[in-house]
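These numbers were taken from a predicted model, which means no experiment stands behind them. Excluded from the calculations below are hydrogen atoms, water molecules and symmetry mates; all remaining heavy atoms, backbone and side chain alike, are included. Each ligand, and each atom within it, is numbered from 1 in the order the structure gives.
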Amino acid sequence: MSKRGGKMRCTWFNKTFDQRREAVRELEGDLRIGLTEGEFDIAYQPLVDANCGSIVAVEALLRWERQDGKKIGPNEFIPVAEESGIINPIGLWVLRKAVCDALRWGNVTLSVNISAAQLRNPEFPIKLGEILEETGYPPHQLELEVTETCLVLDPVVAERSLDVIRGFGVRISLDDFGTGYASIGFLRQFRFEKLKLDRSLVVQAGEDDGSRAMMLSSIALARALKMDVTAEGVETTEQADMVRLAGADQIQGWLYYKAMPAEEIDALITKQDAAASAIANSNGEQA
Ligand code: C2E
Ligand code: MG
Ligand code: MG
Ligand code: MG
């Protein structure tokens with residue numbers, strides 16, 4: 001077993017090339033162990049309807065707690081998992097577990113992040129099809145989140161994979177819009193079902209006119225192209241009001257919910273369903 005942890009703690013950019021390569025190799029070994037030892041888990045963050053506040057979707061977010069108790073965030077380990085290819089088995093583990101959990105959540109949509117290496121892997125659509133078939137999860141309730149980086153590396157292969165995936169009825173959303181290329185061409189070429197505005201754009205739009213103009217025009221363009229829009233990383237009521245007025249359909253952010261264990265989603269959805277049927281019953285009595 002590799003000496004776990006250690007080297008990743010130093011500042012990444014102070015390392016020499018060899019030190020970085022060594023640290024990547026060590027983390028990669030740890031990721032492999034983590035996968036077989038069951039050190040991964042998924043936290044789910046609800047997305048709410050921008051107008052009524054009810055939970056309409058959840059995003060699966062990978063969590064890693066090593067046996068020594070150290071938690072490592074996805075922003076730290078996903079890039080290494082991608083570089084080494086181990087994101088492929090990890091990504092399939094996430095999909096399978098998330099779909100099994102989400103079977104309990106009625107008509108709430110499930111979103112799962114997909115990395116570039118997965119989208120480039122010709123096995124991926126096949127495995128996805130198998131998971132849908134084995135679990136019986138309704139494909140139209142599954143949404144895969146891709147980023148522009150996923151697409152720019154190899155747009156032809158990406159488009160082919162996305163076509164197969166869409167053939168199952170699965171929806172595709174473009175994540176983190178506003179941080180990278182923010183390419184209008186991609187929006188047209190890939191015909192995403194949903195656009196997710198990155199938290200940084202939401203934050204900046206509350207602070208300067210240029211960013212606000214970009215947010216407003218991104219939402220307007222997405223809607224004109226018949227895409228749903230989610231605003232990510234909403235932390236204040238001012239931001240929520242701003243994105244709602246701008247036309248966002250859903251809001252995801254700590255103002256409403258943080259990511260939480262599956263059992264807490266069970267409870268939230270049970271409560272929401274009970275409230276909905278109480279309203280339906282009292283309407284029935286009135287009629
Ligand atoms: P993402 O897909 O854009 O996910 C949203 C991130 O923003 C999550 O961070 C979430 O916890 C965080 N967030 C949500 N609302 C707020 C808010 O109001 N304020 C702030 N400050 N943050 C908020 P997390 O869980 O650390 O994930 C980071 C990134 O790691 C994700 O960004 C995604 O790109 C990647 N990731 C996570 N799970 C997976 C996975 O299963 N597969 C792949 N390929 N990537 C994943
Ligand atoms: Mg995402
Ligand atoms: Mg995002
Ligand atoms: Mg992100």
Side-chain angles (χ1 to χ4, degrees), residues 31 34-35 39-48 55 57-65 71-99 101-102 109-121 124 128 131 142-151 153 158 171-180 182 192-206 218 228-240 242-243 248 250-262 264-265:
L31 285 165
L35 189 59
E39 295 174 1
F40 290 105
D41 198 5
I42 302 176
Y44 296 92
Q45 186 180 27
L47 280 69
V48 303
I55 297 170
V58 293
E59 178 173 4
L61 295 162
L62 187 56
R63 296 289 177 260
W64 183 22
E65 183 175 349
K71 293 180 180 170
I72 304 180
N75 285 327
E76 196 175 331
F77 69 79
I78 295 276
V80 174
E82 283 185 4
E83 204 175 308
S84 67
I86 198 185
I87 192 66
N88 285 297
I90 293 177
L92 290 175
W93 178 87
V94 170
L95 254 178
R96 188 177 292 275
K97 160 115 174 79
V99 156
D101 284 339
T109 296
L110 169 69
S111 275
V112 178
N113 293 286
I114 297 299
S115 75
Q118 288 175 276
L119 204 59
R120 276 206 309 271
N121 184 344
F124 178 71
L128 171 65
I131 290 173
L142 177 63
E143 210 166 69
L144 298 186
E145 299 192 1
V146 302
T147 61
E148 286 166 300
T149 330
C150 285
L151 310 170
L153 292 173
R171 292 155 48 92
I172 309 293
S173 63
L174 184 63
D175 202 0
D176 300 347
F177 192 77
T179 50
F192 306 99
E193 278 76 24
K194 182 189 275 185
L195 187 72
K196 297 189 78 173
L197 294 180
D198 193 72
R199 177 178 118 80
S200 59
L201 185 57
V202 171
V203 170
Q204 282 161 25
S218 300
D228 260 4
V229 178
T230 298
E232 289 191 289
V234 170
E235 292 183 356
T236 68
T237 49
E238 289 76 18
Q239 288 167 344
M242 173 185 75
V243 299
Q250 292 114 26
I251 302 178
Q252 177 177 7
W254 295 351
L255 176 64
Y256 295 93
Y257 300 103
K258 288 193 169 181
M260 60 186 87
E264 288 178 31
I265 300 286

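- Listed by number with element, the atoms of ligand 1 under 4.0 angstrom from any heavy atom of N75 are 28 (C), 29 (C), 30 (O).
- Every ring-ring contact (aromatic ring centres under 6.0 Å, His included) that F192 has, sequence neighbours left out, goes to F190.
- In this structure, I87 CD1 and N113 CG are separated by 9.5 Å, a value rounded to the nearest 0.5 Å.
- In terms of the side-chain contact (heavy atoms from CB on, under 4.5 Å) criterion, residue partners of S84 (sequence neighbours excluded) are, by chain and number, E28, I86.
- Only the side chain of R199 comes within 4.0 Å of ligand 1, counting heavy atoms alone; its backbone N, CA, C and O stay farther away.
- Within ligand 1, the atoms closer than 4.0 Å to a non-hydrogen atom of G253 are 15 (N), 18 (O), numbered from 1 in the order shown.
- We find the OG-CD distance between S111 and Q45 to be 10.5 Å, quoted to the nearest 0.5 Å.
- Between the choices Q239, E235, Q118, the shortest heavy-atom distance to atom 19 (N) of ligand 1 belongs to E235.
- Taking each of E232, Q45, Q252 in turn, the one with a heavy atom nearest to atom 15 (N) of ligand 1 proves to be Q45.
- Taking each of T236, N113, L119 in turn, the one with a heavy atom nearest to atom 42 (N) of ligand 1 proves to be N113.
- For V112, no heavy-atom contact with ligand 1 is shorter than 4.0 Å.
- For E65, the CD atom counts as densely surrounded, since its 6.0 Å shell holds more than 12 non-hydrogen atoms of other residues, nucleotides or ligands.
- Put simply, CD on E232 and CG on L195 are 9.5 Å apart, with the number rounded to the nearest 0.5 Å.
- Taking backbone and side chain together, D175 holds an N, O or S atom under 2.8 Å from the Mg ion (ligand 3).
- In L62, the parts holding a heavy atom less than 4.0 Å from any atom of ligand 1 are both the side chain and the backbone.
- Inclusion of D198 in the set of residues having an N or O under 3.5 Å from an N or O of ligand 1 is not warranted.
- Take the N/O/S atoms of D176: the one nearest the Mg ion (ligand 3) is OD1.
- By the criterion of a heavy-atom distance under 4.0 Å, neither the backbone nor the side chain of A259 is placed next to ligand 1.
- Of the candidates E145, K194, E148, D175 forms a side chain to side chain contact (heavy atoms under 4.5 Å, CB included) with just one, namely E145.
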Test salt bridge (charged side-chain N to carboxylate O under 4.0 Å, His left out) applied to E235 and R199, step by step: CA-CA 9 Å; E235 292 183 356; R199 177 178 118 80; 3.2 Å; yes
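- Here the straight-line distance linking atom CG of D176 with atom OG1 of T147 works out to 6.5 Å at 0.5 Å rounding.
- Contacts between I78 and ligand 1 below 4.0 angstrom, taking non-hydrogen atoms only, involve the side chain exclusively.
- As for E145, its N/O/S atom nearest the Mg ion (ligand 2) is the one called OE1.
- The CE atom of M260 sits 15.0 Å away from atom CD1 of I42, with the distance rounded to the nearest 0.5 Å.
- Contact between G73 and ligand 1 is absent, with no heavy atom of the residue lying under 4.0 Å from the ligand.
- Set against the non-hydrogen atoms of G233, the atoms of ligand 1 under 4.0 Å away are 15 (N), 16 (C), 17 (C), 18 (O).
- Sorting the N, O or S atoms of E59 by how far they are from the Mg ion (ligand 2) puts OE2 first.
- Note on ligand 1: E59 sits in its first shell, one or more heavy atoms being nearer than 4.0 Å.
- Residue contact check: S115 has heavy atoms under 4.0 Å from atoms 44 (N) of ligand 1.
- Closest approach of A158 to C150, counting heavy atoms only: CB-O, 4.3 Å.
- With ligand atoms numbered from 1 in the order given, ligand 1 contributes 41 (O) to contacts under 4.0 Å with heavy atoms of V94.
- One of the N, O or S atoms belonging to N113 lies under 2.8 Å away from the Mg ion (ligand 2).
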If you apply the rule side chain to side chain contact (heavy atoms under 4.5 Å, CB included), what do you find for L153 with R120, and how did you get there? CA-CA 9 Å; L153 292 173; R120 276 206 309 271; 3.1 Å; yes
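- At a cut-off of 2.8 Å, E232 is not counted among the residues with an N, O or S atom near the Mg ion (ligand 2).
- Residue-level proximity to ligand 1 for D176 is carried by the side chain, the only part with a heavy atom below 4.0 angstrom.
- Of all the heavy atoms of K258, none lies under 4.0 Å from any atom of ligand 1, so neither backbone nor side chain is involved.
- Between E143 atom CD and L47 atom CG the span is 8.0 Å, to the nearest 0.5 Å.
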Derivation and outcome, side chain to side chain donor-acceptor pair (under 3.5 Å), residues T230 and Q250: CA-CA 5 Å; T230 298; Q250 292 114 26; 2.7 Å; yes
